[in-house]
Protein chains: 4
Amino acid sequence: MTLTIGIDIGGTKVAAGVVDDDGKIVESLLRPTPADNPELVAGVVAEAIKELASRHEVEAVGVGAAGFVDETRSVVRFAPNLAWREEPLQKKVADLVGLPVVVENDANATAWGEYRFGAGRGETHVVCVTVGTGIGGGVVVGGALYRGRWGMGAELGHIQSVPDGKRCGCGNLGCWEQYASGNALVAEARRLAAMDPGRASVLLEIAGGTPERIEGREITEAARAGDPVALEAYAWLAGWIGQGLADLAAVLDPGCFIMGGGVSAAADLWLDGVKESFAERLTGRGHRPLADIRTAELGPSAGLVGAADLARMP
Amino acid sequence: MTLTIGIDIGGTKVAAGVVDDDGKIVESLLRPTPADNPELVAGVVAEAIKELASRHEVEAVGVGAAGFVDETRSVVRFAPNLAWREEPLQKKVADLVGLPVVVENDANATAWGEYRFGAGRGETHVVCVTVGTGIGGGVVVGGALYRGRWGMGAELGHIQSVPDGKRCGCGNLGCWEQYASGNALVAEARRLAAMDPGRASVLLEIAGGTPERIEGREITEAARAGDPVALEAYAWLAGWIGQGLADLAAVLDPGCFIMGGGVSAAADLWLDGVKESFAERLTGRGHRPLADIRTAELGPSAGLVGAADLARMP
Amino acid sequence: MTLTIGIDIGGTKVAAGVVDDDGKIVESLLRPTPADNPELVAGVVAEAIKELASRHEVEAVGVGAAGFVDETRSVVRFAPNLAWREEPLQKKVADLVGLPVVVENDANATAWGEYRFGAGRGETHVVCVTVGTGIGGGVVVGGALYRGRWGMGAELGHIQSVPDGKRCGCGNLGCWEQYASGNALVAEARRLAAMDPGRASVLLEIAGGTPERIEGREITEAARAGDPVALEAYAWLAGWIGQGLADLAAVLDPGCFIMGGGVSAAADLWLDGVKESFAERLTGRGHRPLADIRTAELGPSAGLVGAADLARMP
Amino acid sequence: MTLTIGIDIGGTKVAAGVVDDDGKIVESLLRPTPADNPELVAGVVAEAIKELASRHEVEAVGVGAAGFVDETRSVVRFAPNLAWREEPLQKKVADLVGLPVVVENDANATAWGEYRFGAGRGETHVVCVTVGTGIGGGVVVGGALYRGRWGMGAELGHIQSVPDGKRCGCGNLGCWEQYASGNALVAEARRLAAMDPGRASVLLEIAGGTPERIEGREITEAARAGDPVALEAYAWLAGWIGQGLADLAAVLDPGCFIMGGGVSAAADLWLDGVKESFAERLTGRGHRPLADIRTAELGPSAGLVGAADLARMP
């Protein structure tokens with residue numbers, strides 16, 4: 001049994017954990033992300049590693065971070081949340097901790113975690129879609145992460161769903177994540193509630209009265225209570241997710257899609273709708289198997305576990 | 001030096017050729033496709049193989065066919081042009097010729113040919129887009145064709161470009177190939193010429209006077225002669241191709257795109273436009289290298305050559 | 001009590017009738033439209049008029065025809081169905097019959113008939129939308145038809161619903177009538193049935209087994225029998241109609257919409273959906289009254305009755 | 001010669017003027033709009049009227065205000081900028097000043113001003129499109145403002161241009177004013193400049209270095225200096241304006257469009273593009289006259305002048 005450390009650098013917290021060969025977390029800890037000062041992140045990460053390494057015999061470290069990670073798994077070329085540009089994260093951390101380090105895109109790490117120890121076990125072609133504030137993606141094919149030529153593959157949230165559509169933080173118009181993410185769900189529910197407050201009475205009551213206070217949690221609660229606007233917002237989300245999965249299936253033809261991220265906790269409200277939308281829009285339907293669409297199993301620690309496991313790979 | 005036979009089954013002709021280790025065609029022949037009677041196709045293919053095999057020492061046969069080929073590279077599950085459904089083409093041909101046979105999607109075979117002997121040599125992540133009457137696609141990653149879980153990967157023409165857009169032969173609305181194929185170019189040029197015949201005077205003269213007679217060849221000739229409608233149609237095509245390549249880059253992050261198919265012959269009229277459109281729409285632009293976009297090198301025989309080479313693979 | 005004659009020139013039949021001050025049809029007759037030879041249409045119309053005039057004391061004639069009628073109500077500038085170009089229909093008919101003649105767009109005549117004697121009585125701002133093979137429109141404001149500067153107002157079917165959408169017979173892409181007409185309903189039902197025959201089993205059985213045989217009548221029957229594809233097609237139609245009405249309300253702010261044409265016979269299948277879609281999409285909703293949406297009352301003779309009444313107007 | 005007073009209530013300033021029969025402004029004054037306290041607006045308006053009335057013999061007052069004005073020209077039902085809801089503005093002002101008062105939507109007043117004394121003189125069917133931060137519209141037909149059944153006609157900025165497109169302040173998605181207004185121009189120029197700063201070097205220099213500082217003025221200056229991003233943004237704007245005008249022509253068939261608002265000052269940068277886009281997209285083109293598209297003549301005082309003239313109408 002060998003141990004490695006996995007790190008998941010989020011916008012607010014750094015999660016670190018010691019993980020064994022079976023993907024079990026032996027020990028974990030959380031540190032606040034010094035988001036104001038991205039220069040300090042490597043130090044925080046290194047401190048967490050050193051603390052864990054002082055109590056466990058670990059062989060390597062895998063770090064998952066939001067952003068474009070280059071093809072050498074060393075440099076974060078661009079991270080929207082942390083204002084990193086060409087950050088040599090691998091070298092910084094490795095120098096501080098004296099262990100082998102690999103850096104990976106966080107959604108890729110999540111996909112790997114699910115593939116190895118979660119909902120993707122036994123599959124050969126896995127597309128993992130993380131539906132949170134945005135959409136993250138990871139693709140595992142033939143036992144390896146699909147990283148692309150420059151390490152920037154599987155930026156699944158940025159295929160275009162609507163020409164001249166809603167503006168995306170990436171600078172383009174109409175990206176999938178403007179329609180199929182948790183933020184998109186919230187925006188749509190707020191819009192519908194503002195247009196017709198009477199119809200959204202349950203949702204608005206849960207949210208304290210104003211559309212601006214509606215967040216994902218409120219939509220979920222209201223939908224489960226039968227609020228028509230909350231249900232419509234979830235149906236809308238499911239339609240767009242299904243369309244995007246159909247596009248991805250045209251390109252990647254996976255055996256399964258794994259749906260992760262915060263929105264996956266409310267899968268009862270959208271999974272059937274996604275399957276229906278996907279099946280209606282899949283090109284060649286009727287002449288090919290339907291990829292299974294399932295929810296992730298590892299929850300929020302998938303990225304950490306995946307990063308730790310990736311640290312074992314040469 | 002070993003020899004194999006490559007076959008390219010088109011809607012009107014079956015091309016067959018003996019190909020050497022270097023992708024050189026030693027001998028080739030053409031037979032009409034019995035399109036009215038798809039039952040007969042395997043026989044025509046077998047006859048061509050036997051004729052070539054009578055004059056060359058060949059080890060195996062690769063057959064490229066339009067349609068969904070299953071993951072065992074044996075069965076054509078669905079072929080729009082030949083009305084095949086679950087056609088056991090591999091077994092039929094192998095039984096008739098007594099040689100090892102593999103069947104492959106024709107666009108995949110083309111991609112493989114270009115990767116091995118053409119515009120993709122030396123690349124690790126290649127996306128080949130064949131722009132003809134429709135759009136075909138093939139993806140080569142890490143020295144292997146990307147085939148997907150069920151053999152139906154890289155159906156690139158069927159990502160959705162326009163929600164509720166033009167109807168596609170696949171049954172969906174708004175597929176990329178309704179905007180970025182040779183047929184789409186013709187439809188747009190005809191539409192523009194019918195809307196404003198005066199502006200399309202050169203194009204209409206070349207086409208014999210009526211929009212319905214406009215085909216790709218006429219648009220190309222008129223565009224080179226400066227006809228504003230023909231130029232506008234090509235610019236329109238280039239914009240849509242570039243958008244689709246940007247979507248593919250978000251998913252696949254290739255090192256290069258290879259543009260093949262009939263439209264590639266007029267690359268002077270659209271390649272710059274495609275590069276510009278791609279660069280404007282690529283997510284993360286400025287923080288990543290731009291994939292190169294280049295034309296195919298092997299011409300119409302790429303599929304045959306690729307199929308022959310794939311026959312060598314276990 | 002004065003009598004006038006109203007004519008409705010359709011693609012297959014010419015309907016003619018003697019109409020009194022109250023919009024009652026005193027006598028009517030039908031003649032086949034010589035669609036192959038549009039030169040002959042005026043003659044057929046004149047014969048019908050003469051026959052009716054031989055039995056009734058009539059004062060004037062109103063002729064409704066599909067197409068762009070000029071602002072002098074004399075010339076059909078362009079008629080898609082009859083290949084008329086700059087047809088001086090008013091003069092031709094008047095010369096043959098020796099009565100005052102006015103020519104009007106058929107959808108305008110229908111709108112006028114409904115305004116005067118049907119669903120629009122007592123209203124001041126009426127938008128009539130005729131949903132048949134295409135979409136026709138007529139607008140009545142302040143007691144007069146809205147005809148526009150050149151007589152070509154209220155071509156409501158040709159506002160754009162989808163940029164780069166389905167091709168319209170008018171040469172544009174994405175016109176409303178490609179989404180909200182009877183033909184659009186049929187195309188969508190066929191598409192859905194071809195994509196998923198199992199789900200459309202009732203519809204396909206009614207239609208004799210193949211998607212190509214599905215027409216509006218079959219969709220209506222299947223929808224009433226609960227066929228999910230037929231119901232989905234009607235819901236889809238209703239959504240698009242409602243969106244278009246919301247656009248029209250932004251411009252015209254009518255007191256009511258009158259829905260006519262062949263599709264109106266199945267209003268039980270779409271009227272509620274239209275109202276819902278309209279209410280969801282109306283700009284300023286909540287701060288303005290909702291225009292009423294109702295079905296036409298006069299049925300297929302609305303155009304004839306309206307044309308006859310327009311003949312009384314100076 | 002009779003005199004009336006026209007008022008134009010803007011978001012920051014109240015403009016008031018004494019206007020004669022010929023649309024000439026005899027005297028005018030400006031007051032700050034008490035935007036924080038909409039209760040006070042009627043008082044400010046009344047003070048301005050009383051001051052002017054103390055020096056001129058005036059017969060009536062016309063007040064133009066942004067928002068939905070009811071069909072009795074008395075109540076502002078909803079004003080986005082001033083947080084008015086069901087504001088009885090006519091009564092409030094009339095009670096304070098003791099003169100006949102009519103209230104009108106500001107874009108309607110502008111259209112009327114241009115129709116009577118500006119670019120619309122002599123026309124019978126005028127559509128005035130005010131392109132400023134949003135889009136306002138006014139329609140004059142047969143010598144009268146087209147107001148609709150409830151006074152809310154000609155909300156031209158809220159026809160849908162893009163299904164599921166950019167979110168509009170009105171609560172809908174994809175409204176025309178999200179693509180064809182001054183704000184849309186600024187958003188697009190910022191987006192393009194952020195995507196490719198090198199290409200926008202002139203524009204960014206003029207704007208002080210950052211995309212966020214780009215406003216309309218900077219885009220205009222940069223476009224005139226040849227900046228490719230500024231020119232592209234203007235071409236994009238022109239394309240969308242032209243599309244919307246084509247939609248309006250399908251419904252209203254006007255003799256001319258009058259383009260007003262802040263953006264009209266830079267007509268050299270977009271008017272030709274609008275005409276081209278309009279002509280390409282007009283349904284029935286080739287079979288109908290093209291409406292003329294021209295810029296407004298009265299400038300920012302059109303609303304005041306129009307409101308004053310409307311005060312003369314019973």
Side-chain angles (χ1 to χ4, degrees), chain C residues 67-68 70-71 77-78 80 85-86 123-127 137 139 141-142 144 146-163 165 168 170-176 243-244 246-256 280-289 291, chain D residues 67-68 70-71 77-78 80 85-86 123-127 137 139 141-142 144 146-163 165 168 170-176 243-244 246-256 280-289 291:
Chain C
F68 287 169
D70 79 344
E71 70 274 24
R77 302 198 63 167
F78 171 63
R85 297 289 180 279
E86 304 295 333
E123 297 285 343
T124 57
H125 295 72
V126 172
V127 173
V139 174
V141 182
Y146 182 86
R147 308 187 77 264
R149 171 62 183 89
W150 318 103
M152 288 153 202
E155 287 291 333
L156 307 182
H158 300 286
I159 52 175
Q160 187 183 74
S161 286
V162 178
C168 184
C170 85
N172 283 338
L173 298 177
C175 287
W176 189 34
Q243 171 65 57
D247 287 337
L248 291 171
V251 178
L252 294 171
D253 185 30
C256 75
E280 278 201 359
R281 292 147 192 271
L282 179 65
T283 191
R285 93 168 272 182
H287 305 295
R288 62 192 295 181
Chain D
F68 287 168
D70 80 342
E71 71 274 24
R77 303 197 62 166
F78 172 64
R85 298 289 181 278
E86 304 294 332
E123 298 285 342
T124 57
H125 295 72
V126 172
V127 173
V139 174
V141 182
Y146 182 86
R147 308 186 77 263
R149 170 63 184 87
W150 318 102
M152 288 154 202
E155 287 290 333
L156 307 182
H158 301 285
I159 53 175
Q160 188 185 72
S161 287
V162 178
C168 184
C170 84
N172 284 336
L173 299 177
C175 287
W176 188 34
Q243 171 65 57
D247 286 338
L248 292 171
V251 178
L252 294 170
D253 184 30
C256 75
E280 279 201 358
R281 293 147 192 270
L282 179 64
T283 191
R285 94 167 273 185
H287 305 294
R288 63 192 294 180

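Naming convention: chains lettered A, B, ... in sequence-line order (proteins, then strands); numbering from 1 in each chain. Everything numeric here is computed off the predicted structure, so don't read it as measured data.
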Under 4.5 Å heavy-atom distance to chain D, tell me which part of C/Leu282 shows up: side chain, backbone, both or neither. backbone
Pick from C/Gly153, C/Ala291, C/Ala250 with the largest number of heavy-atom pairs that fall under 4.5 Å of chain D: C/Ala250
For chain C, which candidate among D/Glu155, D/Glu86, D/His158, D/Met152 shows the most heavy-atom pairs at distances under 4.5 Å? D/Met152
Quick one: sort the C/Phe78 and D/His287 rings into parallel, tilted or perpendicular, breaks at 30° and 60°. parallel
Would you name the heavy atoms of C/Gly137 and C/Leu156 that are closest together and state the gap between them? CA-CD1, 3.6 Å
Identify which of D/Asp70, D/Val141, D/Val162, D/Val127 forms the greatest number of heavy-atom pairs closer than 4.5 Å to chain C. D/Val141
N/O donor-acceptor pair under 3.5 Å between C/Asp253 side chain and D/Trp150 backbone: yes
Is it the backbone or the side chain of D/Pro289 that comes under 4.5 Å from a heavy atom of chain C, or both, or neither? both
Does C/Arg288 use its side chain to pair, donor to acceptor, with the backbone of C/Thr283 at less than 3.5 Å? yes
Name the region of D/Val251, side chain, backbone, both or neither, that has any atom closer than 4.5 Å to a heavy atom of chain C. both
Can you tell me which portion of C/Val139 sits under 4.5 Å from chain D's heavy atoms? Options are side chain, backbone, both or neither. neither
Choice from D/Glu280, D/Arg77, D/Arg285 maximising heavy atom contacts with chain C below 4.5 Å: D/Arg77
Can you tell which part of C/Arg147 gets under 4.5 Å to a heavy atom of chain D, answering side chain, backbone, both or neither? backbone
